[in-house]
Amino acid sequence: MKHIIYPIKALTDNYVWAVFSKESNSCLIVDPGESDPVKNFLHSKQLEICGILVTHHHYDHTDGIRDLVKNKSIPVWGPDSGKIAHVNRYVSENEIIHINELELSLKAMLTPGHTLDHISFFNDEILFCGDTLFAGGIGRIFEGTAKQMFESIVKIKKLNENTKVYCGHEYTLSNLEFASQVEPNNKKIANRLEHVRKLRSCNKETLPSLLKEEFATNPFLRTAEKDVITAINLYYGSEIESELEVFSKLRAWKDTA
């Protein structure tokens, strides 16, 4: 069954992902921060929710759940953190989730850092990574540690390079502007930034990206690269070599950029 993954815009810059097929009237929803945009989309496509995936407990990924499951028996997969109402299928590391209505299977990956309860969902072709990995960047570290976030990114880096990355926000432009500060001589970053500027000037989505594109242009996946290490040492006036420390300093730099 061929799947269609559609971005439903929500709140200020969130994406709620809808997974469906022309061969079925079922739809999987990922991180519904609002219910009305989702309900409008489902109505327009004559689709019914068959399940919801939740990556973490922040309101802009969960606030729509209550309304969407009201008076319905819908599986809601998410972390067992006690912070998300209506999750009824608690997910553990490497657990495989089967969405039978769509003939779709996804594996769970614990990716703490942004929050302690963060989970990503993936298979050989797609990755729903919430606020862990963004196009051109990563999420802020609110609850976890830089080490936890680094280890989560290391996990993601092991996936197939042709994996399509579906993250939770439209942050690509600002992320690539920062990336161009870190690596001003990286032509792939410059070219991607130009392309993204054109897309955003037309209010078009920049997602999904390909993981191999992130390898080439996302500084947080390039912390072992000489140019990134040099940029960190120049910015901080230091001699950092540890990849974890480069990662940590890079996140701190981005936080103040």
Practice item. State plainly whether the residues Lys83 and Glu143 are in salt-bridge range, i.e. N to O under 4.0 Å. Key: yes
Revision key, fill the gap. Partner of Lys212 under side-chain hydrogen bond (donor to acceptor under 3.5 Å, both in side chains), picked from Asn162, Asn160, Thr217, is Asn162
Check your understanding: Rounded to the nearest 0.5 Å, how far does CG of Leu116 lie from CD of Gln148?
Key -> 5.5 Å
Revision key, fill the gap. Between the CD atom in Glu95 and the CH2 atom in Trp77, the distance rounded to the nearest 0.5 Å is 10.0 Å
Practice item. Sort out for me which residue in Asn14, Asn203, Val16 forms a side-chain contact (heavy atoms from CB on, under 4.5 Å) with Lys9. Key: Asn203
Review point. So, Thr111 and His118: side-chain donor and acceptor under 3.5 Å apart, yes or no?
Key: yes
**Study point:** Side chain to side chain, Lys22 and Lys2, heavy atoms closer than 4.5 Å
**Key:** no
Point to revise | Glu177/Arg197 ion pair, N-O < 4.0 Å | key: yes
Review point. Looking at side-chain heavy atoms only, is the closest gap between Pro79 and His57 below 4.5 Å?
Key: no
**Study point:** SB check Lys147 Glu151 (cutoff 4.0 Å)
**Key:** yes
Exercise for review: Report yes if the side chains of Pro7 and Trp17 come closer than 4.5 Å at any heavy-atom pair, otherwise no.
Suggested key: yes
Check your understanding: Shared ILVMFWY cluster between Ile229 and Ile138, side chains joined below 4.5 angstrom?
Key -> yes
